[in-house]
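Data block below; observations after.
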Amino acid sequence: MKNYDHTKIERKWQKEWEAKKLYHAKTKAKGKKFYGLIEFPYPSGSGLHVGHIRSNTAMDIITRKRRMEGYNVLYPIGWDAFGLPTENYAIKTGKQPEKVTKENTDMFRKQLKACGFGFDWSREINTTNPAYYKWTQWIFLQFYKKGLAYKTKTMINWCPKDKIGLANEEVVNGRCDRCDGPVEKREKEQWMLAITKYADRLDKDLDDVNYLEKIKIQQRNWIGKSEGSEIDFTIKNFPEKVTVFTTRADTLYSAFAVILAPEHSLVESLKGQIENWSDVEKYISDVKKKTDIERTAEDKEKTGIELKGIRAINPINNEEIPVWIADFVLVHYGTGAIFADIHDERDHAFGKKYGLPMRRSIEPVFHASDHPIRDGLPVIKRNAICAVIRNPKDDTYLCSVWRDMHMHGLITGGVEDGEDMVKAAMREIYEETGYKNVKLVNNPDIAIHSTFFHRKKQENRWARFQYMFFDLIDKEKDEIDEKEAAIHDVVWKKRSELDNFFSVVEGEFVLNLIDTGDYIHTGEGILSNSGPHTGMTSEEARKKITEAIGGKIVTKYKLRDWVFSRQRYWGEPIPIIHCQICGYVPVPEKDLPILLPKVKSYTPTDTGESPLAAISTWVNTTCPHCKGKAKRETDTMPNWAGSSWYYLRYTDSKNKKEFASPKALSYWMSKKSGGVDWYNGGMEHTTLHLLYSRFWHKFLYDLKLVPTHEPYMKRTSHGMILADDGSKISKSKENGVNPIDVIKTYGADTLRVHEMFMGPFDQAVPWNSESLIGSRRFLEKVWRAATLLETKNKNSHKEIEKTLHKTIKKVTEDIETMSFNTAVSSMMVLVNEIEKQKEISRKDFMMFLRILCPFAPFIAEELWHQMGEKKSIHRAPWPAYDSQKIIDEEITIVFQVNGRVRTERKIPRDLSEEEIKALAISDSVVIPWIDGKEIKKIIYVPGRLVNIVV
RNA sequence: GCCGGGGUGGCGAAAUUGGUAGACGCAUCAGUCUUAGGAACUGACGAGAGAAAUCUUGUGGAGGUUCAAGUCCUCUCCCCGGCACCA
């Protein structure tokens with residue numbers, strides 16, 4: 001046998017597989033099917049780098065395994081080719097985007113084929129192909145007909161450099177996702193898709209799909225569902241009212257202002273009544289001028305202005321409060337209006353800045369963790385005080401140390417019914433410490449609730465502690481009661497000594513209070529100062545207060561409608577006609593596709609119009625409705641459009657009558673299996689493509705055009721491959737390695753094995769060309785193993801057979817959990833074992849080739865045929881391991897003494913526990929460690945170890 | 001700030017879910033082969049001590065639970081990704 005010549009082998013089988021249409025998927029009526037999907041690439045000019053093919057290789061392995069398991073497999077590929085990079089390249093070079101796309105896809109196709117991916121090339125699609133985008137336009141028209149596509153004047157994110165409107169998802173930290181330049185706000189007419197209509201289902205239906213948990217979490221955060229109340233505030237002396245949204249209706253009693261977004265409609269309608277209108281107007285125009293970066297970068301200081309002469313009435317207590325506008329209130333979230341209250345950090349800062357009077361209405365609850373209340377016993381409520389007593393002369397604080405309970409705290413005590421709180425505090429201070437002369441310096445109306453089990457009295461307590469600040473006048477004191485003295489000591493502590501002093505659960509709260517004299521509670525708790533609602537829990541109060549004022553319980557989302565138009569050339573034209581008489585008229589479906597016209601200049605204009613607007617022969621048309629003069633929409637779709645439904649097209653990519661036939665859809669995306677079986681892609685698409693395509697799919701489902709309510713059953717994600725210095729691979733840095741270069745020197749199989757072996761699939765790994773050689777050596781060993789076989793072709797070698805079956809088990813399981821790195825490593829162990837034993841039976845080797853072939857399809861196919869097989873290995877069945885053959889007759893048992901390993905021994909598998917323990921205590925290595933000591937306990941972990949405790 | 005994911009040899013990493021820490025691979029060192037370089041093969045390879053058997057120590061840090069902790073609990077530091085005025 002010759003040396004392993006990867007170039008020759010890979011060329012040969014690539015041709016052969018193509019000629020035999022080995023990976024072509026046939027749409028059938030029934031039977032086991034598997035639809036594996038990877039994100040189709042954007043064919044950029046720089047070609048694929050090694051990072052791109054990690055996902056493809058993984059899914060290639062999975063789909064190859066499925067084929068061998070008897071599934072009818074669809075593993076398709078295509079091109080997501082509309083978009084900016086191609087257009088920008090066209091502008092720069094003067095080449096037509098179609099031509100650029102053709103060149104790039106040709107290059108990508110070659111690269112992908114060289115990697116040996118088992119794609120069904122017969123179903124290849126391209127989003128820029130009119131036969132494809134006809135259906136993208138068609139789906140848009142369905143959105144339009146259902147009222148989910150609409151044009152509206154809106155403030156959009158505008159990138160002045162790219163001259164393009166951006167979706168929220170394309171703005172990163174106030175900068176353009178593409179060019180990193182600052183983004184401005186511009187008011188523009190834009191086409192929108194009403195994704196918010198589906199917000200609830202996009203959130204809820206995540207329960208029905210098998211996505212990685214982190215993907216679900218990220219989507220849920222993005223959708224941002226929150227439940228709260230809508231509450232109406234009336235405006236004093238005017239008929240208007242303002243509706244606010246809050247998730248914390250329980251804090252309504254501490255509302256100190258109503259704050260509107262500057263763009264709120266009420267501002268305009270009350271214009272005449274606002275006494276300081278010119279100032280307000282100036283504030284609003286200043287806010288509008290700011291970019292997002294300026295708005296958020298300004299050290300987060302809140303700004304606002306009061307609408308003088310306007311007062312709102314708090315519906316819960318008819319209190320009159322001021323009305324403000326502030327730029328931190330967002331017009332597009334909730335109702336664009338809030339009430340401000342002290343229990344919100346931001347509102348509190350705002351109130352403090354502008355000197356607005358504020359009042360508390362929520363008190364925190366602390367549950368003692370070391371002695372919690374016990375079930376089954378009644379809970380006794382108590383009013384109590386807690387005194388912060390400071391000696392101003394040496395800046396020390398009076399503390400209590402309860403001796404037998406190891407409890408450290410301040411001076412506390414119960415309040416008798418009807419007793420004045422301050423007097424009670426004075427009394428407690430005298431009784432507990434003996435100090436006679438203290439004076440109250442601050443009683444800030446701060447209280448906490450504390451639950452605990454009273455160990456002395458053996459009862460459950462719920463105490464409300466009111467905090468007060470005292471200064472010591474002088475140290476004159478009386479002896480305290482003997483009983484008191486026996487329980488606790490009284491000590492003076494410096495502030496610096498207090499940090500780790502308090503043993504109580506509210507320790508941090510107390511320190512904060514001592515330091516600032518204040519405490520802003522932003523969590524839930526017990527209501528105070530809340531009229532009839534005082535004493536309720538936050539949760540209960542939210543319901544009761546909303547009910548009491550006739551408010552509504554509502555759900556709001558952070559998700560916003562999708563800005564769907566771009567003022568660029570290289571995208572799908574939006575199939576709408578503007579008629580002076582009829583308004584917006586959809587292009588009749590029979591006229592689709594609306595083709596992109598040939599154009600001389602692709603350069604966008606700063607007026608914000610697409611280059612298409614300059615082509616009068618294309619723009620001017622007749623209205624399909626009234627036959628009058630009309631103009632075409634010149635905006636194009638964002639490049640997320642084509643990818644929102646491409647997985648549907650794959651099922652029937654050549655269909656001219658429908659985007660895909662119901663027959664093909666119901667087979668490949670059957671109700672039973674629930675859509676694409678497994679979709680792997682990048683985390684960066686979680687809140688973009690993945691969410692968009694779920695939205696489109698649900699819309700099509702509602703039109704009964706697709707069989708499932710979700711497009712993808714299972715979604716996983718790969719970690720990025722980084723450059724060798726750990727930085728991101730980027731075109732500008734030119735730090736990406738071309739897979740073709742690796743294939744030339746080492747072969748595609750080596751590249752594939754290496755990419756899977758590098759590290760955990762879901763984690764980022766830096767590329768390292770040096771370690772590639774390890775994977776190559778592995779394949780060389782496989783090649784040599786076939787040589788061993790020619791001379792020694794006999795029955796199974798026992799050890800090899802055992803390792804083989806263990807390996808089959810490991811690889812079978814690891815592919816399912818995407819633990820490809822450990823799958824490869826277990827095959828390496830097997831091949832090392834074969835080298836060591838210098839033999840393997842033909843039968844065993846053939847089995848090994850079948851688990852290797854998804855990883856290294858070329859070498860496996862070659863050796864398979866050298867063994868005399870006629871059919872492709874990729875159509876052979878997946879091997880099953882024999883669990884009987886995995887069992888070791890001898891097991892290695894570790895002997896430990898006090899948990900430390902002392903020795904290990906090989907023993908027959910069938911020894912009883914008693915026999916093994918006996919072996920352990922009589923072991924020559926063990927004896928010195930236990931000699932002369934009492935054996936307290938012997939622990940036996942079956943098949944693992946014996947631990948002798950002395 | 002909030003939500004995720006991490007931290008284990010010189011490096012990429014394993015660890016049956018509480019049971020021999022470092023499988024597998026890279027690099028390195030020694031050896032075999034070779035005119036030489038390389039390739040290939042054999043062996044060593046966390047740190048410290050020792051001629052060796054072996055002992056001690058070791059999974060970001062500090063405590064804790066346990067016969068036994070990389071794994072569980074409490075606190076803490078650092079790195080990566082996402083979101084970020086969302087009421």
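Computed over heavy atoms, backbone and side chain alike; hydrogens, waters and symmetry mates excluded. All chains are named by letter (A, B, ...) in the order of the sequence lines, taking the proteins before the strands, and each is independently numbered beginning at 1.
Atom pair A:N221:CG and B:rG1:C1' shows a separation of 14 Å (rounding to whole Å applied). If you take CZ of A:R752 and P of B:rG25, they are 21 Å apart, rounded to a whole angstrom. Rounded to whole angstrom, the span from the CG atom of A:D344 across to the P atom of B:rA87 amounts to 9 Å. A straight line from CD of A:Q219 to C1' of B:rC3 spans 15 Å, rounded to a whole angstrom. To the nearest angstrom, P of B:rC26 lies 5 Å from CZ of A:R777. Nucleotide B:rC41 holds its P atom 15 Å from the NZ atom of A:K836, rounded to whole Å. Across the protein-nucleic acid pair, A:H718 atom NE2 and B:rG81 atom P stand 15 Å apart, rounded to whole Å. Atom NE2 of A:H264 is separated from atom P of B:rA87 by 17 Å (rounded to the nearest Å).
Annotation for A:E816: atom CD counts as buried by contact number, over 12 foreign heavy atoms lying within 6.0 Å.
Using a 4.0 Å heavy-atom criterion, one finds that A:K214 contacts the sugar-phosphate atoms exclusively. No contact: A:W767 has no heavy atom under 4.0 Å from any strand.
Under the Watson-Crick or G-U wobble criterion, with both distances below 3.5 Å, B:rA15 is left unpaired in every strand shown. Nucleotide B:rA52 forms a pair with no other nucleotide shown, judged by Watson-Crick or G-U wobble geometry with both contacts under 3.5 Å. For B:rG70, there is no paired base (Watson-Crick or G-U wobble, both distances below 3.5 Å). A 3.5 Å limit on both hydrogen-bonding distances identifies B:rG10 as the Watson-Crick or G-U partner of B:rC26. Within the shown strands, nothing qualifies as a pairing partner of B:rA84 under the Watson-Crick or G-U definition with both distances less than 3.5 Å. Figure legend. B:rC45 is base-paired to no nucleotide; pairs are counted as Watson-Crick or G-U wobble with both atom distances under 3.5 Å.
Look at the P atom in both B:rG31 and B:rG18: the space between them is 47 Å, to the nearest Å. On the C1' atoms, B:rG46 is 16 Å away from B:rG12, given to the nearest whole Å. One P atom belongs to B:rA51, the other to B:rA15, and the distance between them is 38 Å to the nearest Å. Straight-line distance between the C1' atoms of B:rA13 and B:rA62: roughly 27 Å, to the nearest whole Å. Look at the P atom in both B:rU59 and B:rC11: the space between them is 16 Å, to the nearest Å. Comparing the C1' positions of B:rG48 and B:rU42 gives an interatomic distance of 29 Å, to the nearest angstrom. For B:rA39 and B:rA30, the P atoms lie 15 Å apart once the distance is rounded to whole Å. For the P atoms, the distance from B:rA14 to B:rG64 is 31 Å, rounded to whole Å.
Each of A:R784 and A:R248 has a nearest nucleotide on RNA chain B; the 5'-most of these lies closest to A:R784. Summary of the strand contacts: A:E835 and A:K937 both lie near RNA chain B, and taking for each the nucleotide with the nearest heavy atom, the more 5' one is attributed to A:E835.
Between A:S226 and B:rA87 there is a side-chain N or O to OP1 or OP2 distance below 4.0 Å. Here A:R902 reaches the OP1 or OP2 of B:rU56: one of its side-chain N or O atoms lies under 4.0 Å away.
Base orientation of B:rU17: syn, the glycosidic angle falling within 90° of 0. Base orientation of B:rG9: syn, the glycosidic angle falling within 90° of 0.
Side-chain contact check for A:R752 versus A:F855: every heavy-atom pair is 4.5 Å or farther apart. Side-chain contact check for A:Y333 versus A:F245: some heavy-atom pair is nearer than 4.5 Å. Contact check for A:L559 versus A:W222: side-chain heavy atoms found under the 4.5 Å cut-off. Side chains of A:W929 and A:V950 form no contact here, defined as non-hydrogen atoms less than 4.5 Å apart. Within the 4.5 Å cutoff, no side-chain heavy atoms of A:R715 are placed close to those of A:V209. Residues A:L690 and A:T687 have side chains not in contact (no heavy-atom distance under 4.5 Å, counting atoms from C-beta outward).
Classification of the A:F350-A:F328 ring pair by plane angle, with boundaries at 30° and 60°, yields perpendicular. Classified by interplanar angle (parallel below 30°, tilted 30° to 60°, perpendicular above 60°), the ring pair A:H521/A:Y519 is parallel.
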Using a cut-off of 4.0 Å between protein heavy atoms and nucleotide atoms, how would you tag nucleotides 9-24 of chain B 5' to 3' with B, S and -? ---BSS-B--BB--BB
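In this structure, the nucleotide among B:rC41, B:rA84, B:rC67 sitting nearest to the side chain of A:K781 is B:rC41. Taking the side chain of A:S771 as heavy atoms from C-beta on, and the options B:rC26, B:rU56, B:rU57, the nearest nucleotide is B:rC26.
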Between A:E230 and A:K552, does the salt bridge (Lys or Arg N to Asp or Glu O under 4.0 Å) criterion hold? Intermediate values first, please. CA-CA 5 Å; A:E230 278 186 0; A:K552 270 191 295 183; 3.7 Å; yes
